[in-house]
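Side chains are part of it too, since the values below use all heavy atoms of this structure and drop only hydrogens, waters and symmetry mates. In this chain, numbering begins with 1 at the start of the sequence shown.
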Amino acid sequence: DLDMTLAMTDVRGFKRLNEQMGDSSFEILRRVVAEIRNAYPENTIIGTYNIDQIIYLHPTITGKDMSNEEKEEWYETRFRSLSKDMDVVIKAGICENFDTTRRLMGHVNNVWEALREAKKIYGRYSRFVSKDLLDKLQRNARIEDLMEKALKNGEMQVYYQPKHDAKTEKLVGAEALMRWISPELGFVSPGEFIPVFEKNGFVSMADAFVWRETCKNQRKWIDNCLKVVPISVNASRHDFAHKDLEQFIIKPLQDNGIAEHLMHLEITESLFENLSSEAFNLLQDFRRRGIKIELDDFGT
């Protein structure tokens, strides 16, 4: 049986190049593909995944006596050298000696994830589909399987991180944070589940849950004559895709009799930059009602 390798490459910043150069930017992409093609066996199959993401299926070309570390370094050296020669940054995800009895799209998804990992690391040009990555993908898939039931069963809860005035040390606010303790997975870090939720869109359900729970808690604290402070709740880009976002925000306030100034909506700077006109007008309406809008990650 012939050992096969699947690779996917991406030219960093290609969309920006395309905006600046138009169709001539594809000449750069063609040159990159041609250079990679020349380094691969003649019977390599090449296809397009996205505009600038190219897939290569070819017989494995690293030595069988090489360790995984040596193989990774072999690819890393070549993509670093090619990037330097082409004056662009080429990133690659690679899956060697994969199981040809499995559906190809499963392997394509794996190399895409490996490519994403490589793109996150400055100075890194390639990433192998490793056991650690496959374990991570398997755990992410399980997170997706369990998330709806977990939210319904109360495994996900809202905690509050206090904000204090640095001069007076008085409590002046708090930020709502969702935590998930799963009977099966244990403590699931937000660093794990939030990216999964953002990818599949479930984050809008999580955001709505945190907002509702916080409104209920504010009511409970008021009824118990406890001090209440404004609480910030995160909003994601998926929230603004919902036509009933206003209902998500306003109805819990009205149902619990909560003054608007006690609830802040927190959005990231990158989200604010890319708001549609409808979403921007909706934020303005929230502000007029008394709900403060805060920027998270400001300046980053």
_Contact summary for I54 and I46, nearest pair of heavy atoms_ = CG2-CG2, 3.5 Å

*Minimum heavy-atom distance A92-A118, with the two atoms named*: O-CB, 3.9 Å

*Mind checking whether E175 and K163 have side chains closer than 4.5 Å, heavy atoms only?*
yes

*Determine, for D135 against R139, whether the closest basic-nitrogen to carboxylate-oxygen distance falls under 4.0 angstrom.*
no

*Under a 4.5 Å cut-off applied to non-hydrogen side-chain atoms, are N110 and L6 in contact?*
no

_Within a 6.0 Å radius of atom CD on Q20, are there more than 12 heavy atoms belonging to other residues, nucleotides or ligands?_
yes

_Option from N234, V210, V233 for which side-chain contact (heavy atoms from CB on, under 4.5 Å) with M178 holds_ = V210

*Is a side-chain donor or acceptor of D165 paired with a backbone partner of K167 at a separation under 3.5 angstrom?*
yes

*Tell me, yes or no, whether the heavy-atom count around Y160 atom OH, taken from other residues, nucleotides or ligands under 6.0 Å, exceeds 12.*
yes

_Closest approach of K91 to G123 (non-hydrogen atoms, all atoms of both residues)_ = NZ-N, 4.4 Å

*Are there more than 12 heavy atoms of other residues, nucleotides or ligands under 6.0 Å from atom CG of D87?*
no

*In plain terms, say whether D223 and K220 are close enough for a salt bridge, that is, a side-chain N and a carboxylate O under 4.0 Å apart.*
no

*Any donor and acceptor pair, going by atom type alone, linking the side chain of E70 with main-chain N or O of S67 inside 3.5 Å?*
yes

_Show, in sequence, the C-alpha distance, side-chain angles and deciding distance for Y49 and Y56, and conclude whether the ring pair (Phe, Tyr, Trp, His ring centres under 6.0 Å) test is met._
CA-CA 10 Å; Y49 187 69; Y56 309 81; over 10 Å; no

*Rest of the hydrophobic cluster containing I181 (Ile/Leu/Val/Met/Phe/Trp/Tyr, side-chain heavy atoms under 4.5 Å)?*
F187

*Show your reasoning for whether side chain to side chain contact (heavy atoms under 4.5 Å, CB included) applies to D52 and D10.*
CA-CA 6 Å; D52 62 323; D10 177 286; 3.4 Å; yes

*Distance in Å, Y159 OH paired with R179 CZ, rounded so as to fall on 0.5 Å steps*: 9.0 Å

*Could you give me the CA-CA distance, side-chain angles and deciding distance for E19 and R16, then say whether salt bridge (Lys or Arg N to Asp or Glu O under 4.0 Å) is met?*
CA-CA 5 Å; E19 290 171 0; R16 185 178 67 254; over 6 Å; no

_Please evaluate residues M147 and F193 with respect to the criterion side chain to side chain contact (heavy atoms under 4.5 Å, CB included), reporting the C-alpha separation (whole Å), side-chain torsions for both, the decisive distance (0.1 Å), and the verdict._
CA-CA 9 Å; M147 61 189 186; F193 69 76; over 6 Å; no

*Could you go step by step and tell me if E148 and F202 meet the side chain to side chain contact (heavy atoms under 4.5 Å, CB included) rule?*
CA-CA 8 Å; E148 291 183 17; F202 188 71; 3.7 Å; yes

*Are L104 and L134 grouped together when hydrophobic residues (ILVMFWY) are joined by side-chain heavy atoms under 4.5 angstrom apart?*
yes

_Under 4.5 Å between side-chain heavy atoms, counting indirect links through other Ile/Leu/Val/Met/Phe/Trp/Tyr residues: same cluster for M263 and L171 or not?_
no

_Atom CE of residue position M4 - does it have more than 12 heavy atoms of other residues, nucleotides or ligands inside 6.0 Å?_
yes

*F26 vs F14 aromatic rings, parallel, tilted or perpendicular, using cut-offs 30° and 60°?*
perpendicular

*Could you tell me whether E184 atom CD has more than 12 heavy atoms of other residues or ligands within 6.0 Å of it?*
yes

*Would you find a donor on one side and an acceptor on the other, under 3.5 Å apart, between the side chain of D285 and the backbone of N281?*
no

*asked:* Counting the benzene-type ring for Trp, do F248 and F209 have ring centres under 6.0 Å apart?
replied: no

_Whether K292 side chain and H261 backbone form a donor-acceptor pair below 3.5 Å_ = no

*Side-chain donor/acceptor of R103 to backbone N/O of H107, under 3.5 Å*: no

_Candidate list K120, K199, R127, K136, test salt bridge (charged side-chain N to carboxylate O under 4.0 Å, His left out), partner E113, passing option_ = K199

*Between R219 (side chain) and N256 (backbone), is there a donor-acceptor pair under 3.5 Å?*
yes

*Is it possible for you to say whether V172 and L265 belong to one hydrophobic cluster, with membership spreading through side-chain heavy-atom contacts below 4.5 Å?*
no

*In terms of heavy-atom contacts, does CG of N38 have more than 12 from other residues, nucleotides or ligands at under 6.0 Å?*
yes

*Please tell me if the side chains of D255 and C215 come closer than 4.5 Å, counting only heavy atoms from C-beta onward.*
no

*Does the W211 side chain pair with the main chain of I249, one donor and one acceptor, at a distance under 3.5 Å?*
yes

*asked:* Among residues at least two apart in sequence or on other chains, which ones pass ring-ring contact (aromatic ring centres under 6.0 Å, His included) with Y125?
replied: none

*Flag the pair V32 / I36 as yes when at least one side-chain heavy-atom distance between them is below 4.5 Å, and no otherwise.*
yes

*Check step by step if side chain to side chain contact (heavy atoms under 4.5 Å, CB included) holds for L282 and L275.*
CA-CA 10 Å; L282 195 55; L275 283 178; over 6 Å; no

*For the atom pair CD (E144) and CG (N200), what is the distance rounded to the nearest 0.5 Å?*
4.5 Å

*Which pair of non-hydrogen atoms, one from I94 and one from T5, has the smallest distance, and what is that distance?*
CG2-CG2, 3.9 Å

*Can you establish whether the number of heavy atoms outside K251 located under 6.0 Å from its atom NZ is more than 12?*
no

_Check ion pair E155-K149 (N to O, under 4.0 angstrom)_ = no

*Is there side-chain contact between V158 and L177, with heavy atoms separated by less than 4.5 Å?*
no

*Please report the closest heavy-atom contact between I121 and E117, naming both atoms and the distance.*
CG1-O, 3.6 Å

*Can you tell me how far OG of S232 sits from CD of Q161, rounded to the nearest 0.5 angstrom?*
10.5 Å

*Got a second to check how far R289's CZ is from I250's CD1, nearest 0.5 Å?*
4.0 Å

*asked:* Is there a path of hydrophobic side-chain contacts, each under 4.5 Å between heavy atoms of I/L/V/M/F/W/Y residues, joining V111 to M105?
replied: yes

_Would you say that L283 contacts R287 through its side chain, given a criterion of any heavy-atom pair below 4.5 Å between the two side chains?_
no

_Shared hydrophobic cluster, I143 / M205 (ILVMFWY, side-chain heavy atoms < 4.5 Å)_ = yes

_Could you check whether atom CZ of R78 has more than 12 heavy atoms from other residues, nucleotides or ligands sitting under 6.0 Å from it?_
yes

*Are any of the side-chain heavy atoms of F197 and H238 separated by less than 4.5 Å?*
no

*Give the ring-plane orientation class for F79 versus Y75, where under 30° counts as parallel, over 60° as perpendicular and anything between as tilted.*
parallel

*Does a salt bridge link E76 with R80, judged by any charged N lying under 4.0 Å from a carboxylate O?*
yes

_With no hydrogens and no angle check, just 3.5 Å: does a side-chain donor-acceptor pair link Q218 and T214?_
no

*Measure the spacing between CD of Q53 and OG1 of T9 and express it to the nearest 0.5 Å.*
8.5 Å

*Can you name the closest pair of heavy atoms from S236 and L271 and give their distance?*
C-CD2, 3.8 Å

*Hey, could you give me the CD/CD1 distance between E266 and I231, rounded to the nearest 0.5 Å?*
12.5 Å

